[in-house]
Enquirer: 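Here it is: the structure, laid out below.
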Amino acid sequence: MSRLQQVWRRVRPQVNAVTSRVSPVRGFPDRHDIAPGIYQHQRRFVTAAPRVRPFDAGIYHLRIALQAARSAGIPHLVCPGSNGVSYRLIIKEPDARAFYGQLVAQQHDDAVYATWDGDWGIATRLARSCAPDTLAAAVDVLVHTYLRTDIQGIPSPYSVGCFVEPWVPSRRLDSRDGEVWAARRPNPRHSAVLWNDAQTTALDIPGIGSVPTLRAFLDDAMLTRPFPVDAVYLWVDDDDPAWRTRRDAALTALGRTPPSDSADVARFRHHGELRYALRSLEYYAPWINRVFLVTDGQRPDWLTSDSSVITVVDHNDIWDDPDALPVFNSHAITARLHHIPGLADQYLYINDDVFMGSPVLPRNWFTPSGQPVFQNTSSTLPDRSLRKDLPTHDNARYNSLDLVHEATGYRPTRLFMHGPIAQSRPWQAELEARFPDQYRRTAESRFRSRSDIEPIWLHHYLGYAEGRTVPGNLRYEYISMADPLAPQRLAAMKDDRRTQVFCINDDGAAPDRTIDAVLDFLPSYFPFPSRFEAGPAPA
């Protein structure tokens, strides 16, 4: 491969969405409505597939390639892609002409495209207009459509299309057990395999069923989640009169006045975010094992009652001392999350104003060995010398970082992303055993206190110092509802849909126009009900 080709392979994923918009269109009349489910947009033909969700887009395109291989009776293998969404179909080079002949024949009325050898210019054609001999001569062919769903128009066929790779007999390797076949371009799993009955196994793909693959394609631990990952959400309904009565009584017992300022109200106020946060989980992280919803004797009226889908955890279920309840302090709650019965050793702690915005994978939060991955921002804590004047949440962070400094000599200052936070249950239990007084005092603090610790910060920073956690990175957006540009930022994010995680934070200063923009944005970004919902979606 030439140097230019190597450079192109590296930059191709970043530029394909732009270049694909201007690729030539051939094979259909130049009019808007072409066929049921197909329409013309600018210079490409779009397939309307309303119910294809992002994690299903790879399966959608694999099915197209599989149909051609099966119809032609061609031996084939399915190899999972490295992004967790797409698949590769592997055939033998002598069968390539027959495969592509069948692919072209079966796509007479569909807007299925073929792009070969990574060229998103003149080498992008509707499959029906391609010469099978031209496709058979290519190193690989990406079979794809330009999908339009009610969730999104998927902008990057490269990330969801199905690569077809004709493999050749190996010239470097030989085996007594059969012929060795090799990829002509690096494959994400293996570039040379022994293709025989002993090595062939089955891979079960939702919506397709059992497909043939090789054991070698399933061996890569760096790309495979070897453990379950749960999700834990915190939620409160501030409109609940019973909850308000409990809160006000607890404040009065402490000699404090119930809150009336917008900052305290915003800490509990919700705009129906949980419904859409759970939809985002189902759309973009379907690999999550179990979902727990931690509440104070509350339950959304739209939530399913099926405990196999979501488990509602009351504070009474995780507190040893019932006299410490009720509690209205997120520091206290996070200090007790690792006591949830049945919780997996690896879990994500998520607030209900946090959403998955595009497909994400377990490796975004956990290494293959189970180490939590944390994401910093470029923001830092205020100057430590201002500590006595800091808000209680910043003070709790410094209390945690003091423990880190005493144990390691390090003084971290950078903030974490307000997104899903990876947690290790055994590590949190070990921290509670090492700092029992701090955990107990925080768990007994009904409201935020200057003696609190922030268990999440202690978990990540002491874990990092001791080799228990590692840093990572995500495409992330934080949108404050007080930001005058919040409506425009939401609109831009809806159009782009590349953000992996975003937070829409209500800090109590949101103007009505921004609240209206959020209420419009959430159902448009996440239109389909999830399995977590029993009742109808709001009007």
Enquirer: Between R446 (side chain) and L251 (backbone), is there a donor-acceptor pair under 3.5 Å?
Expert: no

Enquirer: In this structure, are over 12 heavy atoms from other groups packed under 6.0 Å from F532 atom CZ?
Expert: yes

Enquirer: In plain terms, say whether D56 and R53 are close enough for a salt bridge, that is, a side-chain N and a carboxylate O under 4.0 Å apart.
Expert: no

Enquirer: Please report the shortest heavy-atom distance between F521 and L490, naming the atom on each side.
Expert: CE1-O, 3.4 Å

Enquirer: If I take atom CZ from residue R275 and atom CG from residue L522, how far apart are they, to the nearest 0.5 angstrom?
Expert: 11.0 Å

Enquirer: Does one side chain, of H459 or S424, offer a donor that lies under 3.5 Å from an acceptor on the other?
Expert: no

Enquirer: Scan Y349, F416, W365 and name whichever one has a ring pair (Phe, Tyr, Trp, His ring centres under 6.0 Å) with F374.
Expert: F416

Enquirer: If you look at every heavy atom in Y284 and M356, which pair is closest and at what distance?
Expert: CD1-O, 3.2 Å

Enquirer: Under the criterion ring pair (Phe, Tyr, Trp, His ring centres under 6.0 Å), I'd like the reasoning laid out for W120 against H144: C-alpha separation, chi angles, the key distance, then a yes or no.
Expert: CA-CA 12 Å; W120 285 87; H144 65 91; 5.3 Å; yes

Enquirer: Please check if the side chain of R88 supplies one atom and the backbone of G81 the other of a donor-acceptor pair under 3.5 Å.
Expert: no

Enquirer: Please check: side-chain N/O of N364 versus main-chain N/O of L361, any donor-acceptor pairing under 3.5 Å?
Expert: yes

Enquirer: Centre-to-centre under 6.0 Å for Y113 and Y146, is that the case here?
Expert: yes

Enquirer: Can you find a heavy atom in the side chain of L62 that is under 4.5 Å from one in the side chain of I208?
Expert: yes

Enquirer: Would D516 and R513 count as a salt bridge (Lys or Arg N to Asp or Glu O under 4.0 Å) here? Give the steps.
Expert: CA-CA 5 Å; D516 291 342; R513 65 182 290 267; over 6 Å; no

Enquirer: Find the distance between CD1 (I421) and CG (L348) and round it off to the nearest 0.5 Å.
Expert: 9.5 Å

Enquirer: Backbone N or O of E454 within a donor-acceptor pair of the S400 side chain at under 3.5 Å?
Expert: yes

Enquirer: Got a sec, which residues hit side chain to side chain donor-acceptor pair (under 3.5 Å) with D296, two or more places apart in sequence or on another chain?
Expert: R246

Enquirer: What closest approach, in Å, do V141 and L135 show between heavy atoms, and which atom pair accounts for it?
Expert: CG2-O, 3.8 Å

Enquirer: Taking R498's backbone N and O only, do any of them form a donor-acceptor pair with R475's side chain (distance below 3.5 Å, no angle check)?
Expert: yes

Enquirer: Determine whether Y478 and N505 make a side-chain contact, defined as any pair of heavy atoms from C-beta on separated by less than 4.5 Å.
Expert: yes

Enquirer: With a distance cut-off below 6.0 Å to the six-membered ring centre and an angular limit of 45° from the axis, does R247 pair with F328 as a cation-pi contact?
Expert: no

Enquirer: Atom CG in L474, atom CZ in F502: separation rounded to 0.5 Å?
Expert: 13.5 Å

Enquirer: If only atom types and distance count, is the side chain of R244 paired as donor or acceptor with the main-chain N or O of D238 below 3.5 Å?
Expert: yes

Enquirer: Keeping the roles fixed (side chain from T469, backbone from H460), state whether a donor-acceptor pair exists under 3.5 Å.
Expert: yes

Enquirer: Do F292 and Y347 come within less than 4.5 Å of each other through their side chains, counting heavy atoms only?
Expert: no

Enquirer: Any side-chain heavy-atom pair from M493 and I479 closer than 4.5 angstrom?
Expert: yes

Enquirer: Taking I64's backbone N and O only, do any of them form a donor-acceptor pair with Q106's side chain (distance below 3.5 Å, no angle check)?
Expert: yes

Enquirer: CG/L343 to CD1/I318 distance, rounded to the nearest 0.5 angstrom?
Expert: 10.0 Å

Enquirer: For R290 and T311, test the side chains for any donor-to-acceptor distance below 3.5 angstrom and give the result as yes or no.
Expert: yes

Enquirer: Look up atom CG in D512 and atom CG in L519, then write down how far apart they are to the nearest 0.5 Å.
Expert: 10.5 Å

Enquirer: Return yes if a side-chain donor-acceptor contact under 3.5 Å exists between Y233 and N351, otherwise no.
Expert: no

Enquirer: Can you find a side-chain donor-acceptor pair between H418 and D353 that sits under 3.5 Å?
Expert: yes

Enquirer: Return yes if a side-chain donor-acceptor contact under 3.5 Å exists between Q423 and H338, otherwise no.
Expert: no

Enquirer: Any donor-acceptor pair under 3.5 Å linking the side chain of N289 with the backbone of D230?
Expert: no

Enquirer: Could you tell me if the side chain of V143 sits less than 4.5 Å from the side chain of L103, heavy atoms only?
Expert: yes

Enquirer: Please tell me whether S330 and R448 have a donor and an acceptor in their side chains that are separated by less than 3.5 angstrom.
Expert: yes

Enquirer: Say whether D306 and S308, considering side chains only, have a donor N or O and an acceptor N or O under 3.5 Å apart.
Expert: yes

Enquirer: Side chains of Q298 and D240: is there a donor and an acceptor less than 3.5 Å apart?
Expert: yes

Enquirer: Determine yes or no for a side-chain-to-main-chain donor-acceptor pair under 3.5 angstrom, with D317 supplying the side chain and D314 the backbone.
Expert: yes

Enquirer: Please report the shortest heavy-atom distance between D483 and T514, naming the atom on each side.
Expert: O-OG1, 4.3 Å

Enquirer: Could you state the interatomic distance from OG1 (T304) to CZ (R299), rounded to the nearest 0.5 Å?
Expert: 7.5 Å

